[in-house]
S.K.: 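One structure follows; several queries about it will come next.
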Amino acid sequence: MSGPILEMRGVSKSFFGIAALRNVDLTVYAGEIHALMGENGAGKSTLMKILSGAYTPDPGGEIRIEGRPVRIDGPLGGRAAGISIIYQELSLAPNLSVAENIYLGREISRTGLLARGLMRTGVGPMLDRLGADFTPQTLVGHLSMGQRQLVEIARALHARSKILIMDEPTTALSAGESERLFALILQLRAEGLAIIYISHRMDEVYALGDRVTVLRDGRLVGSLDKPEIRADTIVRMMVGRDVSSFYKKDHDPQARRGPPVLAAVDIADGRRVKGCSLTVHAGEVVGLAGLIGAGRTELAHLIIGASPMTSGHLEMEGRAVTIRTPGEALDAGIAYLTEDRKTLGLFLDMSCLDNINLAVLGRDAKLGYILDRDKARDTANRAFATLGIRAANVGVTAGGLSGGNQQKVLLSRLLATTPKVLILDEPTRGVDVGAKSEIYSIIDNSAKSGTAILVISSDLPEIIGICDRVIVMRAGRIAGEIAQGATSPLNQEDIMAFATGPEQLDAS
Amino acid sequence: MPHDGPSQAKAASTAAASGIAAAQETKRQRLRLVIRAAGMLPVLLLLCVGFHFLSDGRFFTGQNLGIVLQQAAVNTVLAAGMTFVILTGGIDLSVGSILAAAAMAGLTVSKLPDLGSLWLPVAVLTGLVFGVINGALIALLRLPPFIVTLGSLTAVRGLARLLGADTTVFNPAIPYAFIGNASLTLIPGVASIPWLSVIALLVILISWLVLRRTVLGVHIYAVGGNESAARLAGIKVWAVLIFVYGVSGLLAGLGGAMQAARLYAANGLQLGQSYELDAITAVILGGTSFVGGIGSVWGTLIGALIIAVLSNGLILTGVSDIWQYVIKGLVIIGAVALDRYRLQGSART
């Protein structure tokens, strides 16, 4: 192999005296997929932003591209140096066509007029090479997330980038789209591109990574070559300690399982949920697995009254109940953790105190209306202590917290209502490893205290690790149910078999 | 593991460091809140002092300050209601028309022989009814607030003219006329405060109590901050919306009553024309975010005072009526630009 395409030596960056990155080295070769891992706040995005030119590194370090020292200045500097970044939130204009997006900022013009035809023919071969199933004229707004990612990649290749940085590219993709993306990444590697791949997902890093570099607290922990890549090694490097009992499940499902609490009987919404029945018992953690689009979130929304039920009914502790709004669900003792905490869960401008107490303000109020601020403060402080929320105090705004702490604030709001049923939709999405483990303990403790818990998750190891029983959905229906037995532990193959099903064409 | 010790120590030290950083962050947040709340107070004081010198010392006199407070009163009441609405991310363009309709209804009732003294509650209730209708259209039919209140701006103005058969209604013997023209004596012969201003300050105080000390207040901020999340958190968003437009209507009705008591008369066509603009201006000057969720009613009070001080000061300094418009407009843009500049990075509007 020739010399490295990218070499960073002793790169540091601090903000107002707080070091975000300390003396980090990174070496990347052409034709390799280099996975970059670390908890949230470990310095991955700072490192990326230095490479893209959004941040200027502190003096002292050195960046070489193909052996030559470079200075990357301003957002165009990264592109000029041959580095392209594909962010989690894609940066495409939905109102423009594919060709216009690829040429954005470098439009071709003839005597001052936009040469649309030339631009279209210019990107055609590139899209073919990437296996695109859409034309250059298509509006980006009409494309799926996976297709948009392809446009981003085409834009990077079109700018003749030699280094492609991908930041959690699969978070918004379905399983099928992810598969296609992986094939494409491998193809790009074969063509000699260097790819820096940032991900929280161990299975992706296994499948793709030629080398793994781990950051922690802004420092380089180390790099692993392909044969050394092992989940436990990486996790240990990321958190700095052994995470032997990563999935917490101290409660004994058989001994703890109480009477049925929540039962849904043949419920449907006339669109995505086509007649589902399920029961959750007190003290039990039930997983709801299935592919993206199988209707799991829609089923949860139906149970809590966030969308109208067209048929079927709900029972709480054996009695039929009518739930038309999320407020009525809370009154009935059903609390729901949304999968989209920023747009559907938290109030980012409000304090943690208000966020935590929002659902119990009425219950705790004096004379029914006047806020009981001492009680609210107690509730919030207790939540901070028991859930280990790390923030200066309960008065800071929720928007400033890390993903894991935000999730715990949202969980505190639900737990404050002392629910009988807890429905958790992707409880650990976008949360770092340490906080994940803590959220698992919270779930386990709630189950021990007798709460019935339904966990929706696309992370199969998580489902298997924390659940007593798994219900699998496919195309709006319950496809199957698997119980955790002493002799037959849950396994991914059984769940996937139900999730994909024999008649895959039915999954439209 | 051998390297566990140092790494734990390191973790502890970074935790401590992040604790300090977090504490600094809270301090910064608190400072921002104070700046945001105080916001335009320095501008207000600067204007007062500036006008005092420009008018050869005629601004800071007991009599003139009384006039400023009285002139600010009605707009303060309207702007308090507008603060509720804008905190939810909405807008109420109909307050000027509602004020006129309420004043007309009040004056008409005040001329009835036996029921005359009921005119005050009638005016306030008229405002409440129109406000609740606005709120119901917005909350239940899910129509955009701008459109609904733009419609009622026109429709209610028509109703106001209808109430007096398109004439000016007079009642020189209107009951409770003292609230419009008399003052509450604080220290006999030394200090007094117009009743209109007393009402305005009470409205601000009650609004603050509702917004900051009640469950409903938190719900109003929550709806403005993130409506979908509020719905999922079990908040009855429709009820909150009807409440805020109801409050805005009710306070517009109160404003109508205040005007009626002051003028002993009302005209459905002329009264309250473009008052909504002054009310919105006061709220924005007060630092309330136009997208909702951030702001305080104390800021609104300062905003309303700035508008009144500007009008008063420009008259004192003898600026012509035409230039008053130009200067007021520029000061509003400049003040908000200054505010945004100072709060750069934290403001979302």
Side-chain angles (χ1 to χ4, degrees), chain A residues 16-19 41 216-219 236 239-242 301 304 306 325-331 335-338 340-351 354-355 357-359 361-365 368-373 376 390-393 395-397 400-401 410 413-414 417, chain B residues 1 3-11 13-15 17-30 32-33 36 87 209-219 221-239 289 291-295 346-348:
Chain A
F16 312 109
I18 298 165
R216 186 173 75 233
D217 299 332
R219 291 173 207 274
R236 195 167 56 239
V239 299
R241 62 193 150 85
D242 241 324
H301 281 191
I304 60 152
T325 65
E328 289 181 357
L330 278 174
D331 293 341
Y336 170 69
L337 179 83
T338 168
D340 191 353
R341 65 174 166 268
K342 280 197 175 152
T343 57
L344 295 178
L346 286 171
F347 302 89
L348 299 174
D349 290 323
M350 289 169 63
S351 64
D354 283 340
N355 268 294
N357 282 288
L358 205 70
L361 288 174
R363 187 194 70 192
D364 290 351
Y369 296 103
I370 314 298
L371 291 178
D372 189 337
R373 307 210 301 167
R390 279 177 283 279
N393 59 55
V396 301
T397 51
L401 302 184
L410 200 49
R413 183 197 298 164
L414 306 185
T417 66
Chain B
M1 249 172 297
H3 65 261
D4 246 19
S7 84
Q8 264 167 8
K10 206 190 305 161
S13 77
T14 43
S18 73
I20 293 166
Q24 281 171 342
E25 177 61 24
T26 350
K27 241 183 223 164
R28 224 173 294 141
Q29 274 189 3
R30 243 181 241 150
R32 247 185 246 144
L33 274 178
R36 182 135 207 156
L87 276 177
L209 283 173
V210 171
L211 285 173
R212 286 297 184 198
R213 290 286 183 268
T214 68
V215 176
L216 190 60
V218 181
H219 285 184
Y221 278 92
V223 168
N226 189 339
E227 194 180 318
S228 345
R231 196 167 284 123
L232 271 186
I235 294 173
K236 294 189 183 76
V237 175
W238 61 269
S289 159
V291 294
I294 302 173
S346 69
R348 291 193 307 143

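These figures come from a predicted structure and were not determined experimentally. Just so we're on the same page: letters track the sequence lines, and every chain starts at 1.
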S.K.: Which atoms of A/Arg390 are under 4.5 Å from chain B, going by heavy atoms: the side chain, the backbone, both sets, or neither?
M.R.: neither
S.K.: Does any backbone or side-chain atom of B/Ile235 lie under 4.5 Å from a heavy atom of chain A? Answer side chain, backbone, both or neither.
M.R.: side chain
S.K.: Can you confirm whether A/Asp349 sits close enough to B/Ile294 that some side-chain heavy atom of one is under 4.5 Å from a side-chain heavy atom of the other?
M.R.: yes
S.K.: Under 4.5 Å heavy-atom distance to chain B, tell me which part of A/Thr325 shows up: side chain, backbone, both or neither.
M.R.: neither
S.K.: Under a 4.5 Å heavy-atom cut-off, does chain B meet the side chain of A/Thr343, its backbone, both or neither?
M.R.: backbone
S.K.: Does the side chain of B/Asn226 come within less than 4.5 Å of A/Leu348's, by heavy atoms?
M.R.: no
S.K.: Quick check for you: among A/Asp354, A/Asp372, A/Leu346, which has the greatest number of heavy-atom pairs under 4.5 Å with chain B?
M.R.: A/Leu346
S.K.: Only pairs of heavy atoms separated by less than 4.5 Å count here; which of A/Ala359, A/Ala335, A/Ala365, A/Gly345 has the most with chain B?
M.R.: A/Gly345
S.K.: Using non-hydrogen atoms only, which part of A/Arg373 is less than 4.5 Å away from chain B: side chain, backbone, both, or neither?
M.R.: side chain
S.K.: Using atom types as modelled and distance alone, determine if a side-chain donor or acceptor of A/Asn355 lies under 3.5 Å from a backbone N or O of A/Arg413.
M.R.: no
S.K.: Quick one: does any side-chain atom of A/Tyr369 pair with a main-chain N or O of B/Val210 as donor and acceptor, under 3.5 Å?
M.R.: no
S.K.: Is there a side chain to side chain contact (heavy atoms under 4.5 Å, CB included) between B/His219 and A/Leu361 once you walk through the steps?
M.R.: CA-CA 9 Å; B/His219 285 184; A/Leu361 288 174; 4.2 Å; yes
S.K.: Between A/Leu330 and chain B, which part of the residue has a heavy atom less than 4.5 Å away: side chain, backbone, both or neither?
M.R.: side chain
